[in-house]
Amino acid sequence: MTEVAVRREADIALICLNNPPVNAASFALRKGLSDAVGELGADSTVKAIALYAAGRTFVSGADIKEFGKPLQYPILPEVCSTLEKCPKPIVCVLHGNALGGGLEIALACHARVGITGVKLGLPEVNLGLLPGAGGTQRLPRLVDGHTALTMITTGKPVSAEAALDAGLLDDVREGAPEEIALACARDVAAGTLATKVTAEQANRLTQETIGQFRTKARSEVAERAIKAAEAAGLPLEEGLKIERALFKEAMASDVHKGMKHAFFAERAVAKIPEADAQPRELKSAGVIGGGTMGSGIATAMLLAKMPVVLIEMQEERVEFAKQTIAKNLDGAVKRGKLSEAGRDGLLAMVTCTTDMQALAGVDIVVEAVFESMAVKLDVFGELDKICKPGAILATNTSYLNVDEIAQATGRPEDVIGLHFFSPAHVMRLLEVVVGKDTAPEIVATSFRLAKRLRKIAVRSEVCDGFIGNRILAHYRKSANYMQLDGAPFEQIDSALEKFGFAMGPFAVGDLAGLDIGWATRKRQAEFRPPEERYVEVGDRVCEQGWFGRKTGMGFYVYDGKDRTVNPAVHEFAENEREAKGIAAQEFDDQEIVDRYMAAMVVESARVVEEKIALRPIDVDAVFLFGYGFPRHWGGPLQYADMTGLDVLVERIENYSKEDPFYWQVPGLLRELAETGKTFNDLNKGA
Ligand code: T1G
């Protein structure tokens with residue numbers, strides 16, 4: 001396939017880029033573009049050139065799939081210099097997305113015209129990088145310093161209108177890229193569309209602005225990007241050299257490895273065995289249960305423009321659900337995601353009632369009632385009688401056995417687990433739990449629904465807690481063990497927050513509500529193996545009626561925005577140590593992180609080994625998009641690969657001297673370590 005095609009119309013030339021699906025700047029595209037510009041630039045019959053792309057978007061950046069592989073020349077900075085130095089004026093026509101290297105190509109051209117709806121951005125920081133093809137040098141020559149540094153350090157795209165206002169675009173037009181390209185080239189040839197050489201424009205980034213951004217920079221990634229942009233004060237060629245050196249530094253960093261892995265994790269999880277099954281059409285939805293989860297799920301459906309019937313048992317609960325949905329939508333209005341008129345329109349699409357018969361005509365029902373098997377079996381028995389043939393019956397259980405729930409119906413093939421994360425209209429992760437009888441088209445329909453809800457769906461087989469909660473239940477114990485062995489819980493939280501977690505495990509417990517975990521521990525008590533260590537501190541806290549934020553007290557004491565350590569917790573731990581004859585020991589932060597992460601890797605490996613998750617990258621996606629796992633580590637199993645599997649095996653074997661029951665090396669981890677393989681090797685072909 002030809003990535004670059006040239007067409008001549010009298011004294012103008014059109015260069016069309018075509019590398020589906022997103023015109024990534026692959027070697028073939030770079031070479032083709034560079035050669036075309038070279039030839040046309042030397043052609044005396046050419047008066048003006050227009051550059052545009054075929055397909056749904058302009059160039060979406062450098063080809064990330066080429067990263068880490070040997071460089072093939074011309075590299076993108078060279079292509080951009082060729083464009084900029086071309087003796088014939090080049091106008092670049094942008095549609096869909098012009099991102100990263102794609103925007104840098106446009107910055108090197110002599111004029112830029114956007115097609116309505118185009119988004120322009122430099123998202124390199126989301127990959128732990130910085131613009132490496134002139135973006136940090138040319139952007140501050142075209143727009144004001146604040147706009148330039150905002151785009152470079154946040155990675156957030158700007159709209160066509162904002163780009164036009166800022167001077168990044170010279171015009172915005174309606175129409176097909178090819179047609180607009182032809183018109184623009186003619187306008188340049190006729191002199192009605194002005195052109196300029198970016199390199200000749202003065203740098204508009206002041207030291208003052210740099211200082212402001214440097215002060216608020218929160219990561220080495222942002223600091224490095226600011227440092228590169230600061231070189232825009234130098235002649236372009238010198239600035240480009242500094243940018244290139246910093247770019248190479250970023251490319252070699254672990255942060256980049258982790259964030260690139262996260263980029264692909266988000267996309268790899270969509271590759272499921274059921275992908276070719278024909279999805280069913282979903283025009284309307286039902287939700288059973290109007291609590292926080294039920295109302296959140298209903299809100300997510302409404303935001304995807306799907307009419308919803310929400311069922312509650314009592315009238316007063318119906319009212320509560322309506323108010324919760326309205327509050328959720330108000331939040332979307334405040335975040336600028338929805339207009340007031342849009343909110344009112346969506347509110348008119350939801351029916352809240354106690355009448356289960358109202359579900360008779362819906363295409364999918366999601367059950368979100370109290371986490372009790374008995375209650376869920378009742379509900380599914382009812383749904384089986386009421387819902388039309390072909391309706392999808394989904395449960396939002398976060399732990400319980402989906403196969404057992406399906407057996408309460410005469411159509412287990414239509415039953416699936418759709419495990420949303422709270423708040424359900426905000427959190428991006430959706431665990432799709434496939435029962436032993438679930439039909440392939442139900443899985444395919446659920447993944448398509450997830451895309452419509454702007455969720456990242458991850459496929460899980462049935463087991464207690466599926467992928468996320470099962471692994472959480474295991475590594476959470478390591479935090480309790482360290483607390484009982486002497487590490488203050490607040491030190492454990494701060495060590496893990498420094499590692500990159502949004503919140504430490506004890507603070508997360510307080511946020512979610514300690515009573516939920518307590519109920520689970522009580523439910524599991526009779527099945528707990530005698531060899532398993534059990535820490536009672538959490539039970540002592542709950543026995544006081546301290547369930548966390550919702551009661552103003554848990555592991556921490558909450559007073560408005562302030563959070564302080566609850567000293568009673570230390571007493572409970574001290575008393576338990578005394579009762580069990582445990583001598584307190586010191587833990588440094590690294591030791592805490594090593595143990596916590598080793599525990600997470602152990603259970604993650606088991607989940608892959610038992611084929612609960614399709615691939616290691618699916619486990620990584622669950623933690624990245626549902627459990628606040630630090631993106632720059634790429635997920636628990638990417639962390640494992642970056643740490644070294646042999647190092648982890650040795651560490652776990654060390655820990656198992658203290659507790660051989662809890663610390664065991666999973667077979668898969670040992671096998672990979674012994675064969676010099678990585679978890680990522682199991683993702684290949686993902
Ligand atoms: N390189 C390689 N593959 C890419 C790609 C890229 N830049 N962008 C997307 N893909 C693949 C993706 O993996 C998926 O593949 C398919 O295209 C469809 O993507 C020097 C160094 C453009 C907004 O960070 O944000 O330029 O899974 O499902 O939802 O300064 O893709 O089907 O096999 O995401 O419509 C900077 C990354 C690179 C933008 C479209 N650019 N892409 O979203 O489709 S660094 C980015 C996106 C850089 C220079 C530096 C989105 C999109 P598969 P998709 P989508």
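Counting convention: from 1, in listed order, for ligands and their atoms alike.
With 3.5 Å as the limit, one finds a donor-acceptor pair spanning the side chains of His261 and Asp620. There is no side-chain donor-acceptor pair under 3.5 Å between Thr147 and Thr150.
A donor-acceptor pair under 3.5 Å links the side-chain atoms of Glu243 to the main chain of Thr136, judged by distance alone.
Within a 6.0 Å radius of CZ in Arg7, more than 12 heavy atoms belonging to other residues, nucleotides or ligands are found. Surrounding NZ of Lys216 are more than 12 heavy atoms belonging to other residues, nucleotides or ligands, all under 6.0 Å away.
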Test salt bridge (charged side-chain N to carboxylate O under 4.0 Å, His left out) applied to Glu3 and Lys31, step by step:
CA-CA 9 Å; Glu3 276 77 3; Lys31 177 100 175 56; over 6 Å; no
Ligand 1: protein N/O within less than 3.5 Å of ligand N/O:
from: ligand 1; atom 1: 1 (N); to: Ala62; atom 2: O; distance (Å): 3.4
from: ligand 1; atom 1: 1 (N); to: Ile64; atom 2: N; distance (Å): 2.9
from: ligand 1; atom 1: 7 (N); to: Ala62; atom 2: O; distance (Å): 2.9
from: ligand 1; atom 1: 26 (O); to: Ala62; atom 2: N; distance (Å): 2.8
from: ligand 1; atom 1: 26 (O); to: Gly101; atom 2: N; distance (Å): 2.9
from: ligand 1; atom 1: 27 (O); to: Lys271; atom 2: NZ; distance (Å): 2.9
from: ligand 1; atom 1: 30 (O); to: Glu104; atom 2: OE1; distance (Å): 2.6
from: ligand 1; atom 1: 30 (O); to: Glu124; atom 2: OE2; distance (Å): 2.7
from: ligand 1; atom 1: 30 (O); to: Gly132; atom 2: N; distance (Å): 3.0
from: ligand 1; atom 1: 33 (O); to: Lys271; atom 2: NZ; distance (Å): 3.4
from: ligand 1; atom 1: 34 (O); to: Arg267; atom 2: NE; distance (Å): 2.7
from: ligand 1; atom 1: 34 (O); to: Arg267; atom 2: NH2; distance (Å): 3.2
from: ligand 1; atom 1: 35 (O); to: Arg56; atom 2: NH1; distance (Å): 2.5
from: ligand 1; atom 1: 41 (N); to: Ser60; atom 2: O; distance (Å): 2.9

